[in-house]
Visitor: 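Please see the structure below; I have some questions.
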Amino acid sequence: MKSFKRTFAASSVFAGILMLSVSCKTETPKSTASATSTKDTLSITILQTADIHGQLDTHPELFWENEKVVFKNRGGLANIKTLFEQERKKNPNRTIIVDGGDLIQGSGYTALSEGKVLPEIIKNMGYDVIIPGNWEVVYGKEIMMDIMAGYETDVIVQNMYHDKTKAPLFPSYSIKEIEGVRIGFIGLNDPDVPVRQNPVFSEGIGFSGLDGELKKIVDDIKVNEKIDVLFLVTHIGIFKQIELANNPIAENADYILGNDTHERVRVPIQGTYAKVTEPGAFGSFVGKLTLHFVDGTLVDDAYELIDVDPEVFPADETIQALVDKAKAPYKAHLETVVGYTNTPIYRYLTVENPMDNMITDAARWKTGADISISNGFRFGNPIVPKNGKPEPITRANLWNLLPVNEPVKTGKATGKQIKDWLEKEMHNAFAQNPTERFGGWLVRFSGMKVNFNSQNDKGNRISAIEVNGEPMVDEQYYTVSACVRPGDPLDNLCRIPNVKDVEVMDYTIHEAVEAYLKKNSPISPSLEGRAYCDYLGRYSFSTVPNTDYKFQ
């Protein structure tokens with residue numbers, strides 16, 4: 001059955017059924033309600049979390065309201081459990097709960113335990129379907145497999161396989177049947193994982209792409225399994241998820257439950273073939289999609305993005321006890337204060353963030369490099385001073401800000417090398433063709449100032465670069481620092497190839513930041529215009545082409 005949403009915007013049940021009767025492309029509906037039907041015979045609730053990134057507790061969350069950054073407390077696995085239970089009570093035996101990946105990485109508690117703090121908690125949360133995300137590989141293939149088996153629920157992904165045998169790591173899909181309605185879920189992870197993450201993380205794992213083979217699987221599952229509504233649960237980022245919704249690959253899909261880029265989609269984005277959602281990150285939000293059926297026929301839907309507000313959803317005692325138990329062996333070390341900040345530290349903006357200014361300043365201070373660079377991550381709960389007093393920064397905060405702790409690496413690159421690398425990184429972040437995007441946020445740096453136009457063509461975005469206040473010279477060598485990426489060639493530095501005089505330091509990036517904070521606290525990081533684009537302005541949270549989506 002082709003979903004109603006592809007052919008019209010439903011204004012009534014009668015209109016929905018009428019249009020379905022004339023526009024169905026792939027199979028005959030099970031039954032057709034009469035013109036006098038005015039009431040749903042069935043509603044099914046789909047709840048979605050994504051990109052929790054090891055955040056176990058309630059934490060500060062950033063919002064963009066009235067053209068200002070504001071902070072509110074949100075999230076917590078025990079609070080999410082309360083929300084889940086409330087929603088299940090509203091629609092008993094008709095609620096399906098899905099997680100879109102990146103559960104086991106992103107906090108100190110998950111890093112120090114290599115994800116092992118999570119299985120006992122997650123298997124008690126009530127999830128029905130879970131997919132691996134791009135960071136699930138962070139502790140290696142075998143640990144990922146063991147942890148996901150420990151969830152004791154359906155783990156699915158179509159495009160990950162054992163690279164030697166070509167056998168799939170997990171089943172491709174899961175089917176849930178509710179009162180005769182068959183709901184299908186196909187899992188997809190980012191095929192660029194071996195490039196986005198340190199290559200060593202995904203050793204032993206092969207990835208396939210979004211191609212004709214995927215289309216065949218989607219079509220076959222829809223028809224052969226007699227699926228009434230088909231979901232693609234994808235961890236490929238908002239840009240590629242929207243492209244997929246407009247691609248014939250998704251012709252027989254109905255919804256794309258998107259994940260990866262931490263976007264807060266509050267109104268589903270309608271593509272040619274499917275609607276796209278994405279429910280934020282860190283457990284701060286839960287997406288709720290309600291499917292309305294009349295006599296087995298999907299006629300309408302409703303969607304909302306629910307804030308996990310601890311005042312609305314108090315912590316479930318059982319889950320909180322499991323969280324506290326899991327944290328106990330690591331708590332003393334991680335909750336140690338290592339510095340203070342006078343200003344909010346956050347990382348949600350597309351181009352420049354106070355969090356990365358602090359990190360790259362610390363690296364340049366420690367190494368003495370001309371330029372220090374950091375990946376364009378989008379994780380890290382904000383650190384927010386309260387009551388006019390400096391806010392403590394703990395080791396747990398450092399893990400939130402820097403989800404891997406690798407040695408610092410330095411080398412020398414020419415101005416031309418650096419400019420070419422920056423142009424490539426800008427295309428990764430701002431390409432108008434979604435399939436050419438890679439991540440979604442620009443790399444960050446200290447010691448360099450860059451003016452650019454995000455809308456220009458590939459290779460022609462940069463208008464000016466300064467290093468230490470002077471125009472960059474193409475032939476001049478500059479010292480650059482970044483973190484080691486295990487699996488990269490020695491002469492690669494944060495994806496800059498052919499760097500000279502490479503040296504791997506005897507300290508990690510966490511140690512560099514701790515030393516910087518000890519020397520310079522309280523710090524006051526802010527936005528300085530280190531990278532600036534008139535088109536994007538100072539506060540650019542998202543760049544999603546050809547949509548009216550706004551982050552808020």
Visitor: Apply side-chain hydrogen bond (donor to acceptor under 3.5 Å, both in side chains) to the pair E263 and Y549, showing each step before the final yes or no.
Guide: CA-CA 9 Å; E263 301 293 354; Y549 165 76; 2.7 Å; yes
Visitor: Could you check if a side-chain atom of I509 sits within less than 4.5 angstrom of a side-chain atom of E406, using non-hydrogen atoms only?
Guide: no
Visitor: Check the side chains of E61 and S284 for a donor-acceptor pair under 3.5 angstrom, ignoring hydrogens and angles.
Guide: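 The criterion, which ignores hydrogens and geometry beyond distance, is satisfied for E61 and S284.
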Visitor: Check D420 with K416, please: is the shortest side-chain N to carboxylate O separation under 4.0 Å?
Guide: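 Answer for the salt bridge query: yes.
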Visitor: Under 3.5 Å, is there a donor-acceptor pair linking the side chains of T508 and N405?
Guide: yes
Visitor: Pairing donors with acceptors under 3.5 angstrom, does anything connect the side chains of N357 and E352?
Guide: yes
Visitor: Check the angle between the aromatic planes of H53 and F282 and answer parallel, tilted or perpendicular using the 30° and 60° thresholds.
Guide: tilted
Visitor: So, for F541 and W64, is the gap between ring centers shorter than 6.0 Å?
Guide: yes
Visitor: Determine, using ring centers only, whether F201 and Y139 are less than 6.0 Å apart.
Guide: no
Visitor: What's the verdict on side-chain hydrogen bond (donor to acceptor under 3.5 Å, both in side chains) for H235 and D260, showing C-alpha distance, side-chain angles and the deciding distance?
Guide: CA-CA 5 Å; H235 199 98; D260 180 48; 3.3 Å; yes
Visitor: Can Y127 and T49 be counted as having a side-chain donor-acceptor contact under 3.5 angstrom?
Guide: yes
Visitor: Determine, stepwise, if the pair K500 / D491 fulfils salt bridge (charged side-chain N to carboxylate O under 4.0 Å, His left out).
Guide: CA-CA 7 Å; K500 295 183 179 298; D491 64 353; over 6 Å; no
Visitor: Looking at D361 and R530, is any side-chain nitrogen of the basic one under 4.0 Å from a carboxylate oxygen of the acidic one?
Guide: yes
Visitor: Whether the side chain of R444 engages the backbone of V351 through a donor-acceptor N/O pair (distance < 3.5 Å, no angle test) should be reported.
Guide: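 Yes, the answer is positive, given that a donor and an acceptor are paired below the 3.5 Å cut-off.
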Visitor: Does a side chain donor of either S107 or N400 reach within less than 3.5 Å of an acceptor in the other side chain?
Guide: no
Visitor: Between R74 and H59, does any side-chain donor sit less than 3.5 Å from a side-chain acceptor?
Guide: no
Visitor: Taking side-chain contact (heavy atoms from CB on, under 4.5 Å) as the test, write out the residues that go with Y161, two or more places apart.
Guide: K166, S208
Visitor: Indicate yes or no: does R495 engage E425 in a salt bridge with an N to O separation below 4.0 Å.
Guide: yes
Visitor: Consider only side-chain N and O atoms of N159 and E213, and report whether a donor and an acceptor are under 3.5 Å apart.
Guide: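 Side chains of N159 and E213: no pair found under 3.5 Å.
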Visitor: Is K419 paired with D474 through a side-chain N to carboxylate O contact shorter than 4.0 Å?
Guide: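 No, this pair does not count.
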Visitor: How about E278 and T261: does a side-chain donor come under 3.5 Å of a side-chain acceptor?
Guide: yes
Visitor: Compare all side-chain heavy atoms of I238 with those of T547 and state whether any distance is below 4.5 angstrom.
Guide: no
Visitor: Shortest non-hydrogen contact from P279 to Q48?
Guide: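 Of all heavy-atom pairs spanning P279 and Q48, the closest is CD-NE2, 3.4 Å.
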Visitor: Looking at Y109, is K327 sitting on its ring face, NZ or CZ under 6.0 Å from the six-membered ring centre and within 45 degrees of the normal?
Guide: yes
Visitor: Among S521, S524, P385, whose side chain to side chain contact (heavy atoms under 4.5 Å, CB included) with N342 holds?
Guide: S524
Visitor: Angle class for the Y346/F71 ring planes (parallel below 30°, perpendicular above 60°, tilted otherwise)?
Guide: tilted
Visitor: Are a donor atom and an acceptor atom from the side chains of S372 and T360 found within less than 3.5 Å of each other?
Guide: no
Visitor: For I186, which of V233, I131, T234, L232 qualifies under side chain to side chain contact (heavy atoms under 4.5 Å, CB included)?
Guide: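 Exactly one candidate clears the test, L232.
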Visitor: Could E335 and R395 be called an ion pair, given the rule that one side-chain N must be under 4.0 Å from one carboxylate O?
Guide: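 Judged by the 4.0 Å cut-off on N to carboxylate O distance, E335 and R395 do not form a salt bridge.
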